[in-house]
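All remarks here apply to the structure that follows.
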Number of protein chains: 2
Amino acid sequence: MSVTHTDVTAGPAELEPCGQLDHPDCGIREVLDRVGDKWSVLVIVELANGARRFRQLQRAIDGISQRMLTLTVRRLERDGLVIRTVYPTVPAQVDYRLTETGASLTHLVKALADWSLEHRDTIAHARQAYDAQHPDNEIR
Amino acid sequence: MSVTHTDVTAGPAELEPCGQLDHPDCGIREVLDRVGDKWSVLVIVELANGARRFRQLQRAIDGISQRMLTLTVRRLERDGLVIRTVYPTVPAQVDYRLTETGASLTHLVKALADWSLEHRDTIAHARQAYDAQHPDNEIR
DNA sequence: CGGGATCCAATGCGATACTG
DNA sequence: CAGTATCGCATTGGATCCCG
């Protein structure tokens with residue numbers, strides 16, 4: 001069964017890895033749920049610089065709670081983006097590092113970071129303008 | 001340095017010297033909050049194919065509520081990623097299209113989509129393996 | 001040190017109803 | 001058609017305490 005084109009004044013497609021990006025079976029959402037998560041990205045970024053231990057991560061990321069770090073790092077491990085290694089020392093010692101897959105994501109994360117830096121001022125200005133024109137608006 | 005803009009929440013500082021993306025004040029989070037949002041990305045993706053009206057977006061995206069579509073599209077407009085145009089026809093007509101800034105994001109979104117396609121199987125497999133080894137785990 | 005368990009506040013988000 | 005307003009559940013996430 002192929003995709004039934006729900007055409008609503010169909011436009012020319014410029015963007016299609018699978019034909020339709022928003023098709024549920026393309027898996028974008030799954031990845032986005034991971035990549036889009038603030039904490040996940042920051043963990044990946046930190047691990048891009050090398051292996052880190054739990055407390056190192058927590059201190060490096062600043063603002064993340066113990067709970068969220070645990071959850072984040074667990075999910076990344078589950079997705080095969082991060083490897084968790086436990087050393088049977090006496091105070092337990094654990095470190096985390098990126099897998100190949102995880103490392104391949106750092107490109108994209110860096111690209112996103114670059115984009116954000118590049119457009120930071122523009123966006124900030126747009127927000128000011130919007131807020132000025134919509135003083136009573138509750139949109140965040 | 002032109003504008004000294006007061007930010008909504010605590011003041012993120014200037015963006016210049018770090019160049020490294022793990023620094024909290026680089027503004028990655030702000031962008032990520034937008035890009036990482038599931039609905040935002042899907043709206044951007046849909047608009048990448050051309051201008052769309054409200055109902056068109058809602059039907060195209062499938063699963064989004066009217067509330068979330070409104071909020072999403074408002075935030076994108078506020079950030080200057082989307083332009084909202086109202087035509088004074090009798091049933092009101094509004095369309096949305098990407099700004100230059102918004103359009104420049106589609107590259108990254110496409111890259112993310114490509115990445116997700118490329119690593120989809122790997123991730124799925126990793127998840128299965130993880131779940132098999134941790135049957136009682138509540139990590140999603 | 002690394003992390004599980006619990007409690008609780010905030011908010012996210014869908015469903016529904018109403019308006020121009 | 002394109003929203004706005006309200007309610008209410010579900011999820012998120014921080015804080016705290018405890019354990020190996």
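Computed from a predicted structure; not experimentally measured. Residue numbering restarts at 1 for every chain, and letters A, B, ... go by the order of the sequence lines.
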Starting at [atom1] of [X], measure out to [atom2] of [Y] and round the result to the nearest 0.5 Å.
X: A/Glu118; Y: A/Ile123; atom1: CD; atom2: CD1; result: 10.5 Å
X: B/Glu46; Y: B/Ile64; atom1: CD; atom2: CD1; result: 11.0 Å
X: B/Tyr96; Y: B/Leu47; atom1: OH; atom2: CG; result: 10.0 Å
X: A/Asn49; Y: A/Arg97; atom1: CG; atom2: CZ; result: 15.5 Å

Q | All side-chain hydrogen bond (donor to acceptor under 3.5 Å, both in side chains) counterparts of A/Gln58, not counting sequence neighbours | A | A/Arg55

Can you tell me the distance, in whole Å, between the [atom1] atom of [X] and the [atom2] atom of [N]?
X: B/Lys38; N: D/dT12; atom1: NZ; atom2: P; value: 11 Å
X: A/Met68; N: C/dG4; atom1: CE; atom2: P; value: 13 Å
X: B/Tyr96; N: D/dC1; atom1: OH; atom2: P; value: 14 Å
X: B/Leu71; N: D/dT4; atom1: CG; atom2: P; value: 9 Å
X: A/Arg67; N: C/dC8; atom1: CZ; atom2: P; value: 14 Å
X: B/Gln66; N: C/dC18; atom1: CD; atom2: P; value: 14 Å
X: A/Ile61; N: D/dG13; atom1: CD1; atom2: P; value: 14 Å
X: B/Tyr87; N: D/dG3; atom1: OH; atom2: C1'; value: 17 Å

Q. Nearest nucleotide by nearest heavy atom, which residue falls closer to the 5' end of DNA chain D, B/Val73 or A/Ala92?
A. B/Val73

Q) Where each residue is assigned the nucleotide of DNA chain D containing its nearest heavy atom, which of A/Ile64 and A/Val90 is assigned the position nearer the 5′ end? A) A/Ile64

**Q.** Phosphate OP1/OP2 of D/dG3: any B/Arg74 side-chain N/O under 4.0 Å
**A.** yes

Q: Compute whether any side-chain donor of one residue and acceptor of the other, for A/Asp79 and B/Tyr130, lie under 3.5 angstrom apart.
A: no

Q. Among C/dC1, D/dG14, C/dG2, which nucleotide sits nearest the side chain of A/Pro91?
A. C/dC1

Q.
Is the shortest side-chain heavy-atom distance between A/His119 and A/Asp121 below 4.5 Å?
A. no

Q: Please list residues of residues 50-58 of chain A whose heavy atoms come under 4.0 Å from any atom in DNA chain C, ordered by number; otherwise none.
A: A/Arg53, A/Phe54, A/Arg55

